[in-house]
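These notes concern the structure reproduced below.
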2 protein chains.
Amino acid sequence: MVNQNEENLNEIFHALANETRRDIVRMMALNERTVSELAEPFDMSLAAISKHIKVLEKANLVERIINGRTHICRLKTESLSQATEWLNFYEKFWSKRFDLLESELMKAKRKEN
Amino acid sequence: MVNQNEENLNEIFHALANETRRDIVRMMALNERTVSELAEPFDMSLAAISKHIKVLEKANLVERIINGRTHICRLKTESLSQATEWLNFYEKFWSKRFDLLESELMKAKRKEN
DNA sequence: ATTATATTTAACTATATAGTTGAATATACA
DNA sequence: TGTATATTCAACTATATAGTTAAATATAAT
């Protein structure tokens with residue numbers, strides 16, 4: 001059953017590890033967009049963008065609303081939050097350690113005087 | 001000159017898109033560790049872990065202090081922060097949009113009455 | 001000097017990724 | 001009905017990734 005949460009994190013971080021896909025996220029953050037609207041700024045085939053969107057979808061970063069022949073893509077932020085949480089945990093952990101280290105140094109300094 | 005900042009983000013997110021590497025980050029968050037200490041819990045060759053550490057190093061997530069024949073690995077948080085910032089920006093953006101949407105709905109609701 | 005320990009490097013394999021082009025599918029329009 | 005539009009799918013290529021094992025390097029210990 002391969003821990004689902006870790007698998008999600010793999011997919012989210014992998015999805016974000018590509019500049020084109022981050023650009024797509026940026027565009028969707030401004031407003032929901034159709035596939036061809038998302039593809040327009042890129043010097044790349046529509047099929048390539050279609051694949052990128054699928055990667056974002058697999059990572060649960062995109063919701064697709066099929067509206068006749070056009071697909072509307074909307075950013076889903078739950079996954080973004082999941083990634084943020086992971087990062088925040090370790091960042092906080094680290095800064096706490098750092099503060100601890102600092103206060104130890106202060107103690108040592110005080111003893112010197 | 002391929003935007004350096006975007007290249008960094010590629011490397012950071014790619015480094016974090018792997019469970020083994022996230023585990024390594026977790027271990028280093030607790031305390032700095034030698035390469036073999038980091039390798040110990042994994043059912044994987046030392047060479048494989050050596051490579052994973054290199055990926056983290058390339059992403060600027062690890063600082064290596066060579067101490068005789070042992071290498072000590074320490075987490076660097078600047079890169080973590082860089083990733084967090086990227087994520088926070090889009091999360092905030094999105095929740096702002098959402099708030100806006102909500103307040104529009106409220107306005108509409110009030111007009112109904 | 002010899003041997004043991006810590007780590008990297010090289011060569012290799014299997015699989016995944018990012019892109020391409022051309023065809024297929026599905027819907028809209030005249 | 002026939003044609004244009006929006007999107008995906010399939011097949012293919014080139015490159016990257018994650019792992020392996022065996023050998024190389026460098027330092028420490030006897």
Side-chain angles (χ1 to χ4, degrees), chain A residues 2-3 6-28 31-75, chain B residues 2-3 6-28 31-75:
Chain A
V2 224
N3 200 335
E6 293 296 327
E7 191 50 38
N8 285 349
L9 283 169
N10 287 349
E11 285 171 352
I12 297 165
F13 283 128
H14 168 246
L16 297 177
N18 176 286
E19 185 172 354
T20 301
R21 286 193 294 261
R22 285 196 304 277
D23 285 345
I24 291 175
V25 167
R26 184 176 303 131
M27 292 172 79
M28 290 187 306
N31 217 330
E32 60 190 33
R33 310 265 184 185
T34 67
V35 173
S36 27
E37 278 170 1
L38 288 171
E40 196 273 322
F42 298 99
D43 186 19
M44 196 181 294
S45 72
L46 197 70
I49 298 295
S50 174
K51 279 193 193 175
H52 279 305
I53 295 172
K54 265 191 208 321
V55 172
L56 292 165
E57 227 178 344
K58 202 175 162 214
N60 206 33
L61 282 161
V62 166
E63 171 182 24
R64 181 193 301 256
I65 296 133
I66 298 179
N67 202 317
R69 65 184 158 173
T70 75
H71 299 200
I72 295 171
C73 301
R74 171 182 299 167
L75 188 62
Chain B
V2 223
N3 199 335
E6 293 296 327
E7 192 50 38
N8 285 349
L9 283 169
N10 287 350
E11 284 171 353
I12 297 167
F13 283 127
H14 168 247
L16 296 176
N18 177 285
E19 186 171 355
T20 302
R21 286 193 294 262
R22 283 195 306 276
D23 285 344
I24 292 175
V25 167
R26 185 177 301 133
M27 295 173 77
M28 290 187 305
N31 217 331
E32 60 190 30
R33 311 263 184 187
T34 68
V35 172
S36 26
E37 280 171 358
L38 288 172
E40 196 273 324
F42 298 99
D43 186 19
M44 197 184 289
S45 73
L46 197 71
I49 299 295
S50 173
K51 278 193 195 176
H52 279 306
I53 296 173
K54 263 192 210 320
V55 172
L56 291 165
E57 226 178 345
K58 202 175 163 217
N60 206 33
L61 282 161
V62 166
E63 171 182 24
R64 180 193 303 257
I65 297 133
I66 298 178
N67 202 318
R69 65 184 158 173
T70 74
H71 297 198
I72 295 171
C73 301
R74 170 182 298 167
L75 188 60

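Just so you know, these numbers come straight off a predicted model, no measurement behind them. First the proteins, then the strands, lettered A, B, ... as listed; each starts at 1.
OP1 or OP2 of C:dT17 has not a single side-chain nitrogen or oxygen of A:N18 nearer than 4.0 Å. For C:dT20, the OP1/OP2 oxygens have a side-chain nitrogen or oxygen of A:S45 closer than 4.0 Å. One finds no side-chain N or O of A:T34 lying less than 4.0 angstrom from the OP1 or OP2 phosphate oxygen of D:dA6. Side-chain N/O atoms of A:K51 include none lying less than 4.0 angstrom from OP1 or OP2 on C:dT20. A sub-4.0 Å separation between OP1 or OP2 of D:dA6 and a side-chain N or O of A:H71 is absent.
The CG atom of B:L56 lies 10.0 Å from the CZ atom of B:R64; values are rounded to the nearest 0.5 Å. We find the CD-SG distance between A:E37 and A:C73 to be 9.5 Å, quoted to the nearest 0.5 Å.
Using a 4.5 Å cut-off on side-chain heavy atoms (C-beta onward), A:L16 and A:L61 make contact. Side-chain contact check for A:R21 versus A:H14: some heavy-atom pair is nearer than 4.5 Å. A:N60 is not listed as a side-chain neighbour of A:E11, based on a closest heavy-atom distance of 4.5 Å or more.
Minimum atom distance to the side chain of B:A48 is reached by D:dT20, of the listed C:dG19, D:dT20, C:dA6. With distances taken from any side-chain atom of A:H52 to the nucleotides C:dA18, D:dA18, C:dT20, the minimum falls on C:dA18. The side chain of B:T70 lies closest to C:dT7, out of C:dT7, D:dG19, C:dT9.
Counting to the nearest Å, the P atom of C:dT8 and the CD1 atom of B:I53 are 7 Å from each other. The interatomic distance linking A:E57 (CD) with D:dT7 (P) rounds to 13 Å, in whole Å. Atom CD1 in A:I66 sits roughly 16 Å away from atom P in C:dT25 (whole-Å rounding). Counting to the nearest Å, the C1' atom of D:dA18 and the CD1 atom of B:I24 are 12 Å from each other. Atom C1' of nucleotide D:dA18 and atom CD of B:E19 are separated by 14 Å, given to the nearest angstrom. Going from atom NZ of A:K58 over to atom C1' of C:dA16 covers 10 Å, rounded to whole Å. For the pair B:F13 CZ and C:dT17 C1', the computed distance is 18 Å after rounding to whole Å. Here the P atom of nucleotide D:dA18 and the CG atom of B:L16 are 12 Å apart, to the nearest Å.
For the pair A:G68 and B:A47, nearest-nucleotide mapping onto DNA chain C gives the more 5' position to B:A47.
Judged by distance alone with a 3.5 Å cut-off, a donor-acceptor contact links the side chain of A:R69 to the base of D:dT5.
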